[in-house]
Amino acid sequence: QVQLVESGGGLVQAGGSLRLSCAASGRTFSNNAMGWFRQAPGKEREFVATISRSGGSTFYADSVKGRFTISRDDAKNTVYLQMISLKPEDAAVYYCAARAGSYGYTQARAYDYWGQGTQVTVSS
């Protein structure tokens with residue numbers, strides 16, 4: 001069992017930056033590939049980024065590539081999402097997710113555990 005708690009969301013102007021954190025409980029954090037998803041009002045939850053168990057491999061949605069960076073610190077049981085050059089269309093609730101197994105999945109149904117989400121608002 002893995003419990004996830006996101007933090008770091010907030011209000012930022014377009015062009016600004018935020019760093020989201022996701023703290024995980026449980027001894028098996030390092031066994032999980034991790035992902036970030038987001039959901040804007042009236043839209044489906046969409047994939048943002050994922051990182052492998054080792055942290056050596058990452059994959060991003062085209063819409064955030066070059067602006068967002070996912071990373072993990074297994075000593076702290078935490079995964080991060082550094083976001084720069086934020087756009088109004090990045091505004092959403094951002095969710096952290098864990099997958100007990102291999103990395104590289106972009107579908108939400110492939111992930112086993114989810115956090116409650118953190119709101120990101122981008123003003124134009």
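- For CD of Glu44, the number of neighbouring non-hydrogen atoms (other residues, nucleotides, ligands) closer than 6.0 Å is 12 at most.
- Contact check on Asp90 versus Arg38 returns a salt bridge, with a Lys/Arg side-chain nitrogen under 4.0 Å from an Asp/Glu carboxylate oxygen.
- Put simply, CG on Leu4 and OG on Ser25 are 7.0 Å apart, with the number rounded to the nearest 0.5 Å.
- How far OG of Ser71 is from CD1 of Ile51: 6.0 Å, rounded to the nearest 0.5 Å.
- More than 12 heavy atoms of other residues, nucleotides or ligands sit less than 6.0 Å from atom CD of Glu46.
- Under the 3.5 Å distance criterion, the side-chain polar atoms of Glu6 are matched with a main-chain donor or acceptor of Gly117.
- Of the possible donor and acceptor atoms, none in the side chain of Arg99 sits under 3.5 Å from a partner among the backbone N and O of Asp112.
- Tyr80 and Met83 are not part of a single hydrophobic cluster, where members link through side-chain heavy atoms under 4.5 Å apart.
- Hydrophobic clustering (ILVMFWY, side-chain heavy atoms < 4.5 Å, transitive): Leu86 and Leu81 are in one cluster.
- The two residues Tyr111 and Ala97 make their nearest non-hydrogen contact at CD2-CB, 3.6 Å.
- A distance-only check finds a donor-acceptor pair linking the side chain of Thr50 to the backbone of Met34 [under 3.5 Å].
- No side-chain heavy atom of Thr121 sits under 4.5 Å from any side-chain heavy atom of Val12.
- Taking CG of Leu20 as the reference point, atom OG1 of Thr78 lies at 12.5 Å (rounded to 0.5 Å).
- Figure legend: Arg72 and Phe29 shown as a cation-pi pair, the cationic atom lying under 6.0 angstrom from the six-membered ring centre and within 45 degrees of its axis.
- Taking OG of Ser21 as the start and CD of Gln82 as the end, the distance is 9.5 Å to the nearest 0.5 Å.
- Taking CD1 from Ile84 and CG from Leu18, the interatomic distance works out to 12.0 Å, rounded to the nearest 0.5 Å.
- Here Arg19 pairs with nothing under the salt bridge (Lys or Arg N to Asp or Glu O under 4.0 Å) rule; sequence neighbours left out.
- In the hydrophobic clustering of ILVMFWY residues, with side-chain heavy atoms under 4.5 Å counting as a link, Val48 and Tyr113 come out together.
- Using a distance-only test at 3.5 Å, with no hydrogens or angles considered, a donor-acceptor pair links the side chain of Arg67 to the main chain of Ser85.
- One hydrophobic cluster, built from ILVMFWY side chains closer than 4.5 Å, holds both Trp36 and Val122.
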Item checked: Test side-chain hydrogen bond (donor to acceptor under 3.5 Å, both in side chains) applied to Thr106 and Tyr60, step by step -> CA-CA 9 Å; Thr106 62; Tyr60 299 90; over 6 Å; no

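- Partners of Lys65 by side chain to side chain donor-acceptor pair (under 3.5 Å), not counting sequence neighbours, listed by chain and number: Asp62.
- Here the closest heavy-atom approach between residue Ala14 and residue Pro88 is recorded as CB-CD, 4.1 Å.
- Rounding to the nearest 0.5 angstrom, the gap separating the CZ atom in Arg45 from the CD atom in Gln107 is 14.5 Å.
- The only option from Tyr94, Tyr105, Phe68, Phe37 that meets the ring pair (Phe, Tyr, Trp, His ring centres under 6.0 Å) definition with Phe47 turns out to be Phe37.
- Tyr95 and Ile70 fall into different hydrophobic clusters, where Ile, Leu, Val, Met, Phe, Trp and Tyr are joined by side-chain heavy atoms under 4.5 Å apart, directly or via other members.
- Annotation for Gln119: atom CD counts as buried by contact number, over 12 foreign heavy atoms lying within 6.0 Å.
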